[in-house]
Colleague: 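If you scroll down you'll find the structure; I have some questions about it.
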Amino acid sequence: MAIPFHDMEGRRHNMDNGMPTRYDASQSEAKWYEAWEQAGLFQPDPDPGKPVYSITIPPPNITGSLHMGHALCYPLQDLLGRYRRLRGDSVLILPGQDHAGIATQSVVEKQLRKEGTSGAQLGREAFVERVWEWRKDSGDTILQQLRRLGCAFDWSRQRFTLDDKYAEAVLKVFIDWFDRGLIFRGKRVVNWDPVLQTSVSDIETERKTVKGKLTYIRYPYADGSGHIVIATTRPETMLADVAVAVHPSDERYKDKVGKMLILPLMKREIPLVADMYPDPAFGSGAVKITPAHDANDYQVGVRHNLPMPVLLDERARITEEGGIYAGLDRLEARKRIVADLEEQGFLEKIEDYEIPIVVSERSGEVIEPLLSEQWFCDQPKLAEPIINAVKNGEVHFHPERYERIFLEWMENIREWCVSRQLWWGHRIPIYFTEDGTPVAALNWEEAEKKAGAKIVRQEDDVLDTWFSSGLWPFATLGWPEQTEDLKRFYPTSTLITDRNIINLWVARMMMMGYDLMGEKPFSDVMIYATVLTHDGKRMSKSLGTGVDPMTIIDTLGADALRYTLLSQTGDNQDLRYSERRTEDARNFCNKIWNATRFVLMNVVPSSVKASPPANLEASDKWLLSRLHLTERKVREAYDNYDIQSACQALFHFFWGELCDWYIEISKPRLNDPATRETPQWVLLTAIEAFLKMMHPVMPHITEELYQHLPIEGKSDFLMSADWPRIADSFSFEEEEAQMERVFEVTRGLRALRASIDLTPMKPIPVAYYQGDLYGAEQVLSSQAWVQELRQGKPAERTVSSTVAGIDLHIPIGDLVDLDKLNSNLGKDLAKLSDEHAKLKLRLDNPQFVERAKPEIVERERATLEDMESRMTKLKERIDLFK
RNA sequence: GGGCGGUUAGCUCAGUGGUAGAGCACUUCGUUCACACCGAAGGGGUCACAGGUUCAAAUCCUGUACCGCCCACCA
């Protein structure tokens with residue numbers, strides 16, 4: 001296409017510089033990603049003299065494809081990496097994936113079910129093999145998508161939590177902790193997921209309330225002296241009741257404690273015990289005790305040394321303990337038992353009741369508390385050093401409020417059930433001798449050596465996924481070997497994650513890092529916002545409210561998507577995603593593209609000098625001064641994880657200052673060979689600095705444009721360039737303020753034109769001004785489209801206004817609608833008088849004058865004076881048209 | 001039950017003591033030789049509510065309402 005170009009003599013030519021008028025993201029993105037990768041820019045700089053910045057990314061699960069949350073999370077890390085790289089650090093961002101035990105296993109189980117088979121049918125070995133196949137297929141999708149987002153991660157150092165080396169590290173930790181007594185076996189009531197048939201931890205469950213029934217049952221005393229009434233939401237568990245408990249202070253039962261009761265249906269005798277647990281104010285004050293199926297009941301059972309029969313099996317069906325009800329599903333059993341109780345006269349009453357239930361996050365199934373043998377980790381012991389470290393400021397949270405939430409949780413931390421009854425994961429390295437003694441060892445042979453006895457079996461359970469991901473910041477770097485990477489990159493710099501896994505993951509990394517490395521795993525934890533739909537709903541595939549980031553990238557580009565999400569990232573806890581905002585971001589890309597294209601069309605390469613020209617005009621100084629300020633703002637914002645402020649500053653500088661004013665002002669000078677060198681230099685300086693500062697957010701378009709810049713001392717890539725150094729000598733406070741006033745006056749003159757319906761941008765022959773324009777008359781006349789700007793006030797009839805102390809006059813003929821004009825002037829005066837009255841009132845208040853800061857009072861006085869002078873002028877102007 | 005966040009223009013959000021801001025949307029005007037994915041000029045807000053502190057409150061304090069999130073063993 002034909003594009004105008006200026007030659008050495010300043011004559012215009014049409015020349016094809018190959019840049020279309022619209023930025024085409026699809027052309028640019030893959031091209032530059034590949035170029036960076038080939039140039040090895042994703043690997044850390046080996047220079048040992050450079051400061052190090054490292055991140056081990058939260059490994060995405062291998063269970064599907066990326067969603068909008070990922071499209072924020074990973075570019076955010078990429079942003080920090082790119083920023084630190086520009087600032088001169090050696091940057092490592094280490095990617096990887098998590099085997100995600102329960103999640104992955106249930107995905108594959110679902111597939112098998114569709115094929116008419118199951119894990120149980122395949123057997124352990126074949127099933128695990130099948131999951132590995134799935135990992136190969138699905139794992140790459142996610143990596144491909146991270147590339148499309150522009151993430152400059154070091155793929156050569158990629159890790160997977162089930163890789164041989166990583167797995168060995170996991171086992172070593174288990175063995176170490178077992179030998180140190182930090183891991184132990186115990187019988188506890190755990191959360192049992194009857195669908196996945198495994199235990200899950202408290203934080204993998206969700207609490208809900210559902211409409212249900214509260215059933216009151218009569219338990220007769222064995223001696224025939226009447227009965228006691230208990231209330232329960234789970235009548236079926238009565239089959240395994242071993243006692244009824246009342247509070248020791250409860251007068252109703254004081255003389256009954258110690259008596260025996262007859263358990264209805266089972267006709268078994270159980271004692272009435274006194275315990276602190278029951279609340280006398282609730283129901284009848286008496287609680288049935290089923291130790292194997294309720295954590296509280298279990299505690300009572302332990303205190304009173306009661307038996308603990310297990311009534312439900314791994315699928316939540318009634319066991320042999322349930323006598324004639326054996327084999328029934330728990331809900332079926334409930335119906336039958338209530339019916340039988342009624343028939344036999346034990347049912348007191350049934351009330352509607354809001355039942356609190358616990359649901360498994362993974363399967364959605366109601367969790368059954370179940371007494372079983374599990375492996376536990378002594379978290380309270382591990383937590384101590386962390387609490388101190390966070391309090392001492394070794395690890396910082398952003399936003400800060402999460403620090404307190406985290407500490408509160410750490411201070412109330414409990415045992416961690418680390419065993420899962422799954423196949424996909426790290427099998428617990430415990431071996432049992434014939435007499436059942438557990439030995440922790442890397443393998444069978446070592447276990448026998450360690451035990452000095454014959455080993456008969458290995459523990460079947462695998463470890464909770466978070467046990468392995470807790471090692472992520474150092475196991476990925478080669479631990480337990482003292483590798484070069486480990487020495488160089490640990491502790492890592494920043495951890496960026498979702499607030500939902502602070503306790504699940506962040507806490508574990510901290511505990512494991514401090515215990516095993518003796519040092520924090522990272523110095524900053526940044527919690528980013530949850531991405532919601534445009535109307536504030538949760539994004540979810542099943543609800544159909546999810547937006548696929550890849551579709552957005554296809555149509556609007558990765559940079560636009562990144563900008564959309566990153567420019568809304570501050571310390572907010574939610575973020576609403578709307579495609580319209582991505583369209584705005586795409587428009588911003590296009591603006592950047594075209595402004596740069598304009599500069600390139602107006603730059604003669606030979607005229608580009610590395611050092612600033614001597615003859616800077618006020619507008620040049622203004623722009624450089626704004627650039628100076630913008631650089632500081634952006635740097636500080638990036639440093640404080642306040643990405644939205646960085647984006648805002650960059651947007652405003654580029655669109656509102658560089659494009660709206662500087663480029664427009666400079667056009668006349670750029671068209672004149674005698675004056676164009678200075679604005680050329682200023683433009684290139686500003687654009688180069690802007691592209692660098694924008695690069696962490698929008699890496700592709702900035703790289704593309706940087707490659708076009710005809711400047712000296714360029715790097716091969718913008719990505720590997722240096723952060724702009726804007727000398728303090730570019731700060732021109734006085735010129736800056738003066739130019740701002742000239743712009744204000746310009747806007748005033750444009751508005752004055754509009755008030756008499758003068759079409760914008762159509763030149764008018766003459767306008768007058770009174771006051772000091774600091775020599776920037778040219779700016780006013782060109783930007784308010786005036787052919788001739790004269791000083792003074794003409795004798796002929798004019799419309800006038802006063803802006804920033806400058807009087808403006810446009811001569812008018814007879815064509816002006818005087819009524820409209822007068823009405824407008826009247827409105828202005830009314831508004832002004834109103835403000836004036838308010839301000840006057842304030843200044844007349846002696847307390848204000850006395851107590852307010854003197855500079856405030858002085859400023860208000862000046863404002864008042866200005867208002868008065870404007871009012872006088874307005875009145876004169878109104879009189880003129882009467 | 002406890003804790004945390006939010007409530008500012010039609011929409012999405014900035015704004016931590018000194019005359020209410022941005023982007024989008026809207027109205028009017030305009031294709032000017034970077035860009036109509038553009039430019040110019042406008043309209044639009046008792047800053048959720050009620051008290052309090054202060055010369056001065058969107059901003060600080062107390063309380064209330066609504067929305068969202070997290071934590072919690074009441075059968």
Side-chain angles (χ1 to χ4, degrees), chain A residues 3-4 12 14 19 21-23 202-203 207 214 230-234 245 277-279 281-290 294-299 353 355-356 369 399 401-402 404-405 408-409 412 499-500 502-503 530 532 534-536 538 556 567-568 570-578 580-581 583-602 644-645 648 651-652 655-656 659-660 663-664 667 671 747 750-751 753-755 757-763 784-785 835 838-839 842 845-853 855-857 859-860 863:
Chain A
I3 289 170
R12 294 174 66 89
N14 285 329
M19 291 178 75
T21 57
R22 285 195 185 176
Y23 169 61
D202 287 344
I203 28 196
R207 264 148 247 271
L214 190 59
I230 59 94
T232 179
T233 54
R234 301 174 65 215
Y277 163 55
D279 174 3
F282 186 90
S284 62
V287 188
K288 65 193 265 319
I289 301 299
T290 323
D294 184 288
N296 287 313
D297 291 9
Y298 176 78
Q299 295 303 325
Y353 192 68
I355 303 185
R401 61 175 179 272
Y402 289 109
R404 233 184 49 232
I405 297 171
E408 224 155 89
W409 193 76
N412 295 302
R499 64 171 180 272
N500 293 320
I502 296 178
N503 298 336
T530 303
L532 304 176
H534 69 97
D535 53 354
R538 194 164 264 287
L556 297 164
S567 67
Q568 292 181 82
D571 71 357
N572 44 324
Q573 71 173 21
D574 295 322
L575 181 167
R576 295 183 180 200
Y577 178 80
S578 140
R580 181 123 110 239
R581 280 187 82 122
E583 283 170 22
D584 297 342
R586 186 268 323 264
N587 294 352
F588 183 33
C589 288
N590 204 53
K591 189 75 177 177
I592 297 168
W593 178 263
N594 277 296
T596 308
R597 195 168 67 92
F598 169 82
V599 172
L600 295 175
M601 289 184 318
N602 283 282
Q644 70 184 3
S645 295
Q648 201 178 26
F651 181 91
H652 181 252
W655 202 316
C659 293
D660 287 352
I663 285 184
E664 295 305 325
K667 279 176 180 173
N671 283 330
R747 278 187 291 261
R750 286 172 183 170
R753 293 170 51 120
S755 76
D757 295 327
L758 285 173
T759 308
M761 283 167 279
K762 280 271 172 353
W785 316 288
E835 279 174 26
K838 269 192 224 159
L839 188 55
R842 180 137 37 120
N845 180 355
Q847 286 185 309
F848 170 69
V849 180
E850 194 181 311
R851 298 194 193 178
K853 279 177 254 165
E855 63 265 31
I856 299 289
V857 179
R859 204 184 63 201
E860 301 291 49
T863 309

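Proteins get letters first, then strands, A, B, ... in listed order; numbering begins at 1 in each. As the structure is a prediction and not an experimental result, all values here were calculated from the model. Note: hydrogens, waters and symmetry copies are ignored here, and every other heavy atom, side chains too, is used.
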Colleague: My understanding is that only residues two or more places apart in sequence, or in another chain, count here; which of them pass side chain to side chain contact (heavy atoms under 4.5 Å, CB included) with R842(A)?
Modeller: L839(A), F848(A), E860(A)
Colleague: Where the side chain of T233(A) is defined as all heavy atoms beyond and including C-beta, which of U32(B), A75(B), C35(B) is the nearest nucleotide?
Modeller: A75(B)
Colleague: Which part of the nucleic acid, if any, lies within reach of R747(A) when heavy atoms closer than 4.0 Å are counted: base, sugar-phosphate only, or nothing?
Modeller: sugar-phosphate
Colleague: Pick base, sugar-phosphate or nothing for R207(A), based on heavy-atom distances below 4.0 Å to the nucleic acid.
Modeller: base
Colleague: At 4.0 Å (heavy atoms only), tell me whether Y298(A) reaches a base, stays on the sugar-phosphate, or touches nothing.
Modeller: nothing
Colleague: Going by the rule side-chain hydrogen bond (donor to acceptor under 3.5 Å, both in side chains), which residues pair with N594(A) if we only count those two or more places apart in sequence or in a different chain?
Modeller: R597(A)
Colleague: Using side chain to side chain contact (heavy atoms under 4.5 Å, CB included) as the criterion, list what pairs up with E850(A), not counting sequence neighbours.
Modeller: none
Colleague: Kindly write out the residues that satisfy side-chain hydrogen bond (donor to acceptor under 3.5 Å, both in side chains) with Y23(A), not counting sequence neighbours, or none if the list is empty.
Modeller: none
Colleague: Quick one: pull up CG in D574(A) and CD in Q568(A) and give me the separation to the nearest 0.5 Å.
Modeller: 11.5 Å
Colleague: Out of U19(B), A75(B), A34(B), which has the shortest distance to the side chain of R859(A)?
Modeller: U19(B)
Colleague: Within the 4.0 Å heavy-atom criterion, would you say C589(A) contacts the bases, only the backbone, or no part of the nucleic acid?
Modeller: nothing
Colleague: Do we get K667(A) above F598(A)'s six-membered ring, with its NZ or CZ under 6.0 Å from the centre and within 45° of the axis?
Modeller: yes
Colleague: According to salt bridge (charged side-chain N to carboxylate O under 4.0 Å, His left out), who are the partners of D279(A), at least two apart in sequence or on a separate chain?
Modeller: none
Colleague: So, does N412(A) get its side chain near the phosphate of C71(B), meaning an N or O under 4.0 Å from OP1 or OP2?
Modeller: no
Colleague: Can you sort out the partners of E835(A) under side-chain hydrogen bond (donor to acceptor under 3.5 Å, both in side chains), two or more places apart, ordered by chain and number?
Modeller: none
Colleague: Among the candidates G39(B), C74(B), U31(B), find the nucleotide nearest to the side-chain atoms of F282(A).
Modeller: C74(B)
Colleague: Out of C37(B), A41(B), G39(B), which has the shortest distance to the side chain of A751(A)?
Modeller: A41(B)
Colleague: Judged by each residue's nearest nucleotide on RNA chain B, which is more toward the 5′ side, V849(A) or E860(A)?
Modeller: E860(A)
Colleague: Distance from T759(A) atom OG1 to W785(A) atom CH2, nearest 0.5 Å?
Modeller: 10.5 Å
Colleague: Can you measure from CZ (R499(A)) to CD1 (I405(A)) and round to the nearest 0.5 angstrom?
Modeller: 9.5 Å
Colleague: For RNA chain B, please output the secondary structure as dot-bracket, reading 5' to 3'. Pairs are Watson-Crick or G-U wobble, both atom distances under 3.5 Å; mark crossing pairs with [ ], other-strand partners with |, unpaired with a dot.
Modeller: ((((((((.[[[[.)..(..]]]].(((((.......))))).....[[[[[..)....]]]]])))))))....
Colleague: How would you summarise protein contacts on nucleotides 2-17 of chain B per nucleotide, using B for base, S for sugar-phosphate only and - for none, with heavy-atom distances below 4.0 Å?
Modeller: -SSS------BSS---
Colleague: Can you name the side-chain hydrogen bond (donor to acceptor under 3.5 Å, both in side chains) partners of K838(A), sequence neighbours left out?
Modeller: none
Colleague: What residues form a salt bridge (charged side-chain N to carboxylate O under 4.0 Å, His left out) with R750(A), not counting sequence neighbours?
Modeller: none
Colleague: With heavy atoms under 4.0 Å as the rule, sort N296(A) into base, sugar-phosphate or nothing.
Modeller: base
Colleague: Which is true for D279(A) with a 4.0 Å heavy-atom rule: it touches a base, it touches only sugar-phosphate, or it touches nothing?
Modeller: base
Colleague: When all nucleic acid strands are considered with a 4.0 Å heavy-atom cut-off, which category describes P356(A): base, sugar-phosphate, or nothing?
Modeller: sugar-phosphate
Colleague: So which protein nitrogen or oxygen atoms get under 3.5 Å of nucleotides 56-58 of chain B's nitrogens or oxygens?
Modeller:
none

Colleague: For the side chain of A231(A), counting heavy atoms from C-beta on, which of A34(B), C37(B), A75(B) is nearest?
Modeller: A75(B)
Colleague: By the 4.0 Å heavy-atom rule, please label K838(A) as base, sugar-phosphate, or nothing.
Modeller: nothing
Colleague: Within the 4.0 Å heavy-atom criterion, would you say S578(A) contacts the bases, only the backbone, or no part of the nucleic acid?
Modeller: nothing
Colleague: Under 4.0 Å, heavy atoms only, any strand: does A852(A) hit a base, just the sugar-phosphate, or nothing?
Modeller: base
Colleague: Between F651(A) and R538(A), who's closer to the 5' end of RNA chain B by nearest nucleotide?
Modeller: F651(A)
Colleague: What residues form a salt bridge (charged side-chain N to carboxylate O under 4.0 Å, His left out) with D757(A), not counting sequence neighbours?
Modeller: K820(A)
